[in-house]
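Quick notes on the structure that follows.
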Protein chains: 2
Amino acid sequence: MDRLDLRILDQLQRDASLTNQALAERVGLSPSACLKRVRRLKARGVIQREVAILAPEALGTSLHMVVEVIMARDDRALYRDFVRRVEAAPEVTQCYQVTGEVDFVLIVSVPDMRGYDRFCESVLYAGGGMHKFRTLISRKRNKFETRLPLSG
Amino acid sequence: MDRLDLRILDQLQRDASLTNQALAERVGLSPSACLKRVRRLKARGVIQREVAILAPEALGTSLHMVVEVIMARDDRALYRDFVRRVEAAPEVTQCYQVTGEVDFVLIVSVPDMRGYDRFCESVLYAGGGMHKFRTLISRKRNKFETRLPLSG
DNA sequence: CGTGAAATATGTATCGT
DNA sequence: ACGATACATATTTCACG
């Protein structure tokens with residue numbers, strides 16, 4: 001991963017709808033050379049996928065919650081089942097397994113409190129491994145950036 | 001936003017690299033009709049942008065932190081300045097303004113503890129409005145999904 | 001890595017429902 | 001207002017230097 005790859009990644013992280021031609025011009029390559037690099041980055045898994053980012057308000061899914069979960073015991077099977085439910089639940093958009101008093105932090109996106117309730121039932125209370133949880137209701141999502149800082 | 005729009009959004013949220021032709025076929029429209037809808041969805045701001053999702057491990061930016069921030073006072077100017085620093089900091093990938101004891105929850109993505117330290121200096125301690133913060137270190141990011149549930 | 005030509009895709013105009 | 005067809009333009013993609 002040289003300087004050119006990093007420039008390509010920087011651009012695609014900002015705007016994946018760039019044509020290969022436009023991308024090539026911005027990074028200073030011919031279209032064919034640029035395409036080869038993009039394909040290599042995809043094959044290597046550096047570029048995982050390209051997605052459309054939608055406006056939560058336009059979809060009526062603009063209630064975001066931060067949920068801190070404490071599990072009943074540090075039990076491998078318990079954790080595994082919990083992660084499985086998290087992965088299967090579309091309302092849970094993110095799940096971080098953390099160290100300290102809290103075991104998991106989830107980001108949950110729902111249309112309303114009813115949707116949040118359904119999440120609690122289907123993910124938190126189901127299965128029985130959860131000990132306690134705390135919900136931080138987001139009044140506003142000030143920043144949501146999929147772009148990661150590039151070290152190079 | 002009818003059923004066809006929702007199908008288009010569903011597809012593009014999964015894979016924005018679909019050609020318009022392939023998309024049209026999947027949702028059951030002619031390419032031109034499909035293109036019109038996609039453009040309308042972009043113009044209306046339903047589709048905000050298209051981005052490439054990169055693998056954090058491949059970039060060396062795989063240390064994720066959940067940071068809970070409590071501000072010194074509920075002061076408009078203080079909050080505004082804090083949000084400004086958050087928006088300017090590339091390490092802060094997300095910022096939720098929440099209700100309760102905690103005022104902000106941040107997701108911070110850095111290469112290592114040194115990077116986290118720099119974030120603390122440039123965002124948390126700078127400006128002086130922060131009262132306390134708690135860091136939850138992510139041992140593992142079990143889920144990271146940009147896709148929002150579509151109600152339709 | 002770049003060039004150029006063939007294969008694909010996008011975008012537009014027009015017509016039909 | 002919305003979708004389909006067909007045509008013109010632009011882009012992707014690949015063999016070759």
Linking Ile, Leu, Val, Met, Phe, Trp and Tyr through side-chain heavy atoms less than 4.5 Å apart, which residues share a cluster with B:Met1?
A:Leu54, A:Leu59, B:Leu4, B:Leu6, B:Ile8, B:Leu9, B:Leu12, B:Leu18, B:Leu23, B:Val27, B:Leu29, B:Val38, B:Leu41, B:Val46, B:Ile47, B:Leu148, B:Leu150

Could you check whether any side-chain N or O of [X] sits under 3.5 Å from a backbone N or O of [Y], counting only pairs where one atom can act as donor and the other as acceptor?
X	Y	value
A:Thr146	B:Ile53	no
A:Lys143	B:Val92	yes
A:Asn142	B:Val83	no

Got a list of protein N/O to nucleotides 5-9 of chain C N/O distances below 3.5 Å?
residue, atom, partner, partner atom, Å
C:dA9, OP2, B:Gln21, OE1, 2.7

Does anything in residues 40-50 of chain B reach DNA chain D, meaning a heavy atom under 4.0 Å, and if so which residues?
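Contacting residues: B:Arg40.
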
First locate atom CZ of B:Arg37, then atom OG of B:Ser32, and finally report the distance between them rounded to the nearest 0.5 Å.
11.5 Å

Between CZ on residue A:Arg141 and OG on residue A:Ser109, distance to nearest 0.5 Å
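Reported to 0.5 Å precision, the distance equals 6.5 Å.
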
What's the angle between the local helix axes at either end of the helix from C:dC1-D:dG17 to C:dT17-D:dA1, using five pairs per end and rounding to 10 degrees?
30°

List for me each residue that meets side-chain hydrogen bond (donor to acceptor under 3.5 Å, both in side chains) alongside A:Arg7, sequence neighbours excluded, and say none if there are none.
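A:Arg7 satisfies side-chain hydrogen bond (donor to acceptor under 3.5 Å, both in side chains) with no residue once adjacent residues are dropped.
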
Report the residues that fulfil side-chain hydrogen bond (donor to acceptor under 3.5 Å, both in side chains) with B:Arg85, sequence neighbours left out, ordered by chain and then residue number.
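With sequence neighbours excluded, B:Arg85 shows a side-chain hydrogen bond (donor to acceptor under 3.5 Å, both in side chains) to no residue whatsoever.
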
Tell me if the CD atom of A:Glu25 is crowded by more than 12 foreign heavy atoms within 6.0 Å.
no

A:Phe82: partners by ring pair (Phe, Tyr, Trp, His ring centres under 6.0 Å), with sequence neighbours left out:
A:Phe104

Can you pull the side chain to side chain donor-acceptor pair (under 3.5 Å) pairs that have at least one residue in residues 110-128 of chain B, sequence neighbours excluded?
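Sorted pair list: B:Tyr116-B:Thr135.
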
Name every residue in residues 23-38 of chain A that has at least one heavy atom under 4.0 Å from any atom of DNA chain C, in order of residue number, or write none if there are no such residues.
A:Leu29, A:Ser30, A:Ser32, A:Ala33, A:Lys36, A:Arg37

Which residue pairs satisfy the salt bridge (Lys or Arg N to Asp or Glu O under 4.0 Å) criterion with at least one member in residues 8-20 of chain A, sequence neighbours excluded?
A:Asp10-A:Arg14, A:Asp10-A:Arg147

Please check if B:Val102 and B:Val66 belong to a single hydrophobic cluster, counting links between Ile, Leu, Val, Met, Phe, Trp and Tyr side chain heavy atoms closer than 4.5 Å.
yes

Does some side-chain heavy atom of B:Asp74 sit less than 4.5 Å from a side-chain heavy atom of B:Tyr79?
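Sidechains of B:Asp74 and B:Tyr79: in contact.
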
With sequence neighbours excluded, give me every ring pair (Phe, Tyr, Trp, His ring centres under 6.0 Å) pair touching residues 37-70 of chain A.
none

Which is the 5'-most and which the 3'-most nucleotide of DNA chain D that has an atom under 4.0 Å from a heavy atom of chain A?
D:dT11 to D:dC14

